[in-house]
**Q** 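Can you keep this structure in mind? I'll have questions shortly.
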Amino acid sequence: MLTATSTTTADRDYDRLREVKQFDESKIGVKGLVDSGLITIPRFFLQPPENLPSPRPTTHKPSISLPVIDLSSPRVTLINQIHAAASTLGFFQITNHGIPQTLFDSVLGSMKSFHELPSDLKKQYYRRDLSGGAAYSTNFDLYHSKAASWRDTIQIRMGPNPPEWEYVPEVCRRAVAEWDVEVVRVGEELMGILSEGLGMKREKLKELSCLEARVQADHYYPYCPQPDLTLGLGSHTDPGVLTVLVQNEVVGLQVKCGEDWVDVDPLPGALVINIGDILQIMSNDEYKSVEHRVLANAFDAPRISVTTFFNPSLRENNYGPLPELISPEKPARYGQVIYSDFMRRFFTKELGGKTLTDSYRI
């Protein structure tokens, strides 16, 4: 039986692996737990105190907000604004990107429709094996994290080769394919601007295959009956080159700015953009990959996000600071990284901080 336990209870007989395995094999996901009517969360979702947000202050709120950049601005303006955001906060939002609101509604709505199907209809898609290019599950690091996070996810490999579409829930297929086309267009534009912001030619990141390997992670954060005891997504940085996210109106995403955590308030029609670890390494620390997290959802309405991770497709190549960015005044700050090794290390550790990137520092 899935039961909740206080974080201070000493229970030597507690078998986390057994309870996690029981939950995983039920294939009901976090949404299934909520639908069962539980009022306390299972023990393996209880986060260590050091992972949990501090109580929100009543007098002090961080004054920092994410830049909102109009993608229809003149090119020189865009290069300067995006370079400034990418080299400081590592996060920004963009508007006037050309993706119609109808497609926002379609892709977010299709994810909501799938996750709110009865568990028996969703179970056929629940798996941890991504060999077919798509899988629905709870937490990729469920078995080796200190604590699970309160969300369900559909993960889809969109490139360089498309998924086997029968593994993608039917209700989502069309929207997922249409969204990928638009996101690739926006991603190419952003990578051109980021390349120029480093003083390189527009096609530099594209030529390094940074547009080709794409993974779409569609997160569903249902209501949590004890949101102060867990997280929706633990603090981490993204391992790839660039991340493009669309979120619905339910808050929860936070970015770490210094010692403060800043809310990324949903902005209708905007995309949230952030720099990944590999781009920080390639830019020789010019661009910043920044920690972020998602709070457990305290609202009745679900939080839904659709995230596209852009990664190099040349996985066995070495990636390090680009030669154009190394000088006697600014020597290389990282060694060479074999991308496949970097990703293997990322997916075999639990999410948490920048320890992986820092391990490659010279």
Side-chain angles (χ1 to χ4, degrees), residues 50-54 61-69 80-94 141 149 151 186-187 190-191 193-195 197-198 205 210 215 217 219 231-247 251-267 270-295 303 305-312 319 321-322 325 333-334 337 342-343 345-347 349-361:
E50 63 269 19
N51 288 3
L52 293 170
S54 301
K61 184 177 180 180
S63 58
I64 301 170
S65 60
L66 260 62
V68 178
I69 298 172
N80 291 335
Q81 290 181 339
I82 288 178
H83 179 273
S87 60
T88 52
L89 296 176
F91 267 78
F92 53 96
Q93 298 199 63
I94 60 171
D141 59 348
S149 297
R151 74 180 186 283
V186 173
L190 289 170
M191 286 195 199
I193 294 168
L194 288 162
S195 294
L198 294 172
L205 292 175
C210 294
V215 175
H219 296 311
L231 290 166
L233 183 60
S235 175
H236 68 287
T237 59
D238 293 342
V241 176
L242 192 69
T243 302
V244 178
L245 173 144
V246 57
Q247 58 183 340
V251 298
L253 176 61
Q254 294 186 325
V255 175
K256 193 170 188 181
C257 298
E259 295 304 311
D260 290 323
W261 286 95
V262 176
D263 294 324
V264 181
D265 294 325
L267 181 63
L271 295 171
V272 180
I273 312 297
N274 67 279
I275 304 300
D277 293 342
I278 287 293
L279 185 51
Q280 175 171 317
I281 290 172
M282 292 167 66
S283 73
N284 205 27
D285 271 351
E286 184 72 15
Y287 294 149
K288 310 301 183 190
S289 177
V290 174
E291 287 181 61
H292 50 287
R293 69 186 181 190
V294 178
L295 303 181
R303 172 179 166 80
S305 66
V306 175
T307 308
T308 300
F309 302 98
F310 286 95
N311 308 305
Y319 293 88
L322 295 169
L325 305 179
R333 297 182 178 180
Y334 297 92
V337 178
F342 188 86
M343 293 302 288
R345 292 180 66 185
F346 178 83
F347 282 108
K349 76 177 187 71
E350 70 169 319
L351 295 176
K354 295 190 65 66
T355 54
L356 182 55
T357 305
D358 289 343
S359 68
Y360 290 93
R361 284 190 180 275

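The residues of the chain are indexed from 1 along the displayed sequence. Basis for what follows: all heavy atoms, side chains included, without hydrogens, waters or symmetry-related copies.
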**Q** In the structure I gave you, are the side-chain heavy atoms of E291 and W261 within less than 4.5 Å of one another anywhere?
**A** yes
**Q** Can you give me the closest heavy-atom contact between R303 and V251, atom names plus distance?
**A**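 Heavy-atom minimum between the residues: CD-O, 3.9 Å.
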**Q** Output the distance between atom CG (L205) and atom CG (L190), rounded to the nearest 0.5 Å.
**A** 11.0 Å
**Q** Mind checking side-chain hydrogen bond (donor to acceptor under 3.5 Å, both in side chains) for R293 and listing every partner two or more places apart, or none if nothing turns up?
**A** Q254
**Q** Looking only at heavy atoms, what is the nearest atom pair of S149 and G232, with distance?
**A** CB-O, 3.3 Å
**Q** Is a side-chain N or O of Y319 found less than 3.5 angstrom from the main chain of P312, in a donor-acceptor match?
**A** no
**Q** Checking D277 side chain against S289 main chain: does a donor-acceptor pair fall under 3.5 Å?
**A**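 No; judged by distance alone, with no hydrogens or angles, the pair does not exist.
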**Q** Under a 4.5 Å cut-off applied to non-hydrogen side-chain atoms, are S305 and L253 in contact?
**A**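 The answer is no, as the side chains (C-beta and beyond) never meet within the 4.5 Å cut-off.
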**Q** Please report the interatomic distance CD1(I193) to CD(Q81), rounded to the nearest 0.5 Å.
**A** 10.0 Å
**Q** Less than 4.5 Å apart, any side-chain heavy atom of Y287 and any of H83?
**A** yes
**Q** Grab the two heavy atoms, one from S283 and one from L325, that are nearest each other, plus how far apart they are.
**A** CA-CD1, 3.5 Å
**Q** In Å and rounded to the nearest 0.5 Å, what is the CD1 to CG distance from I94 to L66?
**A**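 Those atoms lie 12.5 Å apart.
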**Q** Does CD in E50 sit with more than 12 non-hydrogen atoms of other residues, nucleotides or ligands closer than 6.0 Å?
**A**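 Correct, the count exceeds 12.
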**Q** What do the steps show when you test F342 against Y360 for ring-ring contact (aromatic ring centres under 6.0 Å, His included), and what is the final call?
**A** CA-CA 10 Å; F342 188 86; Y360 290 93; 5.5 Å; yes
**Q** Are V262 and L89 close enough that some pair of their side-chain heavy atoms sits under 4.5 Å apart?
**A**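 Side-chain contact under 4.5 Å: no.
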**Q** If you compare all heavy atoms of N284 against all heavy atoms of R333, which two are closest, and at what distance to 0.1 Å?
**A**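 Scanning both residues completely, I find the closest heavy atoms to be OD1-N, 2.8 Å.
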**Q** Hey, are the side chains of M191 and C210 touching, using non-hydrogen atoms and a 4.5 Å cut-off?
**A**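 When only atoms from C-beta onward are counted, C210 and M191 do touch, with a gap below 4.5 Å.
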**Q** Using side-chain heavy atoms (C-beta onward) and a distance below 4.5 Å, is L242 in contact with I273?
**A**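 They are in contact (side-chain heavy atoms under 4.5 Å apart), so the answer is yes.
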**Q** State which residue, out of L271, V264, L245, fulfils the side-chain contact (heavy atoms from CB on, under 4.5 Å) condition with Q93.
**A**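 Single pass found, and it is V264.
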**Q** Contact between I281 and T357 at the side-chain level, heavy atoms closer than 4.5 Å - yes or no?
**A** yes
**Q** Decide yes or no for S87 and I275: does some side-chain heavy atom of the first lie under 4.5 Å from some side-chain heavy atom of the second?
**A**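 No - every pair of side-chain heavy atoms lies 4.5 Å or more apart.
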**Q** In Å, rounded to the nearest 0.5 Å, how long is the span from CG of L279 to CG of L198?
**A** 7.0 Å
**Q** So, taking the atom named CG in D238 and the one named CZ in F310, what distance separates them when rounded to the nearest 0.5 Å?
**A**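 Those atoms lie 12.5 Å apart.
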**Q** To the closest 0.5 Å, what do you measure between CG (N274) and NE2 (H292)?
**A**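 These two atoms lie 5.0 Å from each other.
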